[in-house]
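Throughout, residue positions are numbered sequentially from 1 according to the sequence presented. Keep in mind that this is a model prediction, so the values were computed, not measured.
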Amino acid sequence: MIAFVSGPVAALAPDSAVVEVGGIGIAVQCTPGTLAALRMGRPARLATSLVVREDSLTLYGFADDDERGTFELLQTASGVGPRLAQAMLAVHTPDALRRAIATGDEKALTAVPGIGKRGAQKLLLELKDRLGAPLGTGTGTGAPAVTGWREQLHAALIGLGYATREADEAVAAVAPQDEAAEGTPQVGALLKAALQTLNRAR
């Protein structure tokens, strides 16, 4: 088991980072929120979880041990693989997920791409006694999160090497998608749309 990777960030992409460890570039799948905190050439330390399949070895990276632990616990529910678990953490913090499960907040779970109403109900039942009680006191979801997602999107673009002005314009360009979306904004989809906008402008 690779518990964490530590070293300078060698490359950043919309859904992954490459961290140089002992002269070797380790590719790590990350959520947009985790990627937003990384900077090219700067040292980083990511908690990791290695997912082994017959035809692949995929390393998932997280900002801290709580995120990694939540990622692994989510996969104990039937039908939840690493990609869906990561999508859940892209939309909600670990504490927001714990709060959603503890309060039976079906709407919060259906805000995650790939989870429908029936799937949310099933997850509420299966995860109720696994994730534990929320640790913080914040609301976790709702309108105040929109500003946070915009800031994450902006920070992710800066981390990918775009100028502040370009990031500002890209965030403004995808804002209509943000406003049209129901529930929590999907920062991963917005980041891809922002990158398409920037590529067209160049």
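L125 and L109 fall into different hydrophobic clusters, where Ile, Leu, Val, Met, Phe, Trp and Tyr residues are linked whenever their side-chain heavy atoms come under 4.5 Å apart, directly or through other members. Transitive grouping of hydrophobic side chains (ILVMFWY, heavy atoms separated by less than 4.5 Å) brings L127 and L73 into a common cluster. F4 and L89 fall into different hydrophobic clusters, where Ile, Leu, Val, Met, Phe, Trp and Tyr are joined by side-chain heavy atoms under 4.5 Å apart, directly or via other members. No continuous path of ILVMFWY side-chain contacts below 4.5 Å connects V18 to M40, so the two sit in separate hydrophobic clusters.
R130 CZ to L123 CG: the interatomic distance, rounded to the nearest 0.5 Å, is 9.5 Å. Remark: T110 OG1 to Q121 CD distance equals 10.0 Å, nearest 0.5 Å.
Under the 3.5 Å distance criterion, the side-chain polar atoms of T76 are left unmatched by any main-chain donor or acceptor of E72. Looking at T48, its side chain does come within 3.5 Å of a backbone N or O of I2 through a donor-acceptor pair.
Considering all non-hydrogen atoms of both residues, G41 and P8 come closest at O-CB, 4.0 Å. Taking all atoms of both residues into account, the shortest heavy-atom contact from S6 to V21 is O-CG2, 3.7 Å. Across A108 and H92, no two heavy atoms sit closer than the pair O-NE2, 2.7 Å. For the pair A44 and L38, the tightest heavy-atom approach, listed with the atom from each and the gap, is CB-CD2, 3.7 Å. In this structure, L35 and A17 approach most closely via the heavy-atom pair CD2-CB, 3.8 Å. For L84 against P113, the heavy-atom pair with the smallest separation is CD1-O, 3.8 Å.
Remark: Y60 engages F71 in a ring pair (Phe, Tyr, Trp, His ring centres under 6.0 Å) (not counting sequence neighbours). The side-chain hydrogen bond (donor to acceptor under 3.5 Å, both in side chains) search around D65 returns R68, not counting sequence neighbours. With sequence neighbours left out, E169 forms a salt bridge (charged side-chain N to carboxylate O under 4.0 Å, His left out) with R165.
Using a 4.5 Å cut-off on side-chain heavy atoms (C-beta onward), T31 and Q86 make contact. Side chains of P14 and L195 form a contact here, defined as non-hydrogen atoms less than 4.5 Å apart. Using a 4.5 Å heavy-atom threshold, the side chains of Q29 and V51 count as separate. Between E106 and L124 the shortest side-chain heavy-atom distance falls below 4.5 Å. Counting heavy atoms from C-beta outward, T70 and R98 have side chains that approach closer than 4.5 Å. In this structure, the side chains of E67 and T34 come closer than 4.5 Å at one or more pairs of heavy atoms.
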Q: Start with the C-alpha distance between L74 and L131, add both sets of side-chain angles, then the distance that settles side-chain contact (heavy atoms from CB on, under 4.5 Å), and finish with yes or no.
A: CA-CA 8 Å; L74 289 172; L131 289 188; 4.2 Å; yes
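Atom CZ of R83 is surrounded by 12 or fewer heavy atoms from other residues, nucleotides or ligands within 6.0 Å.
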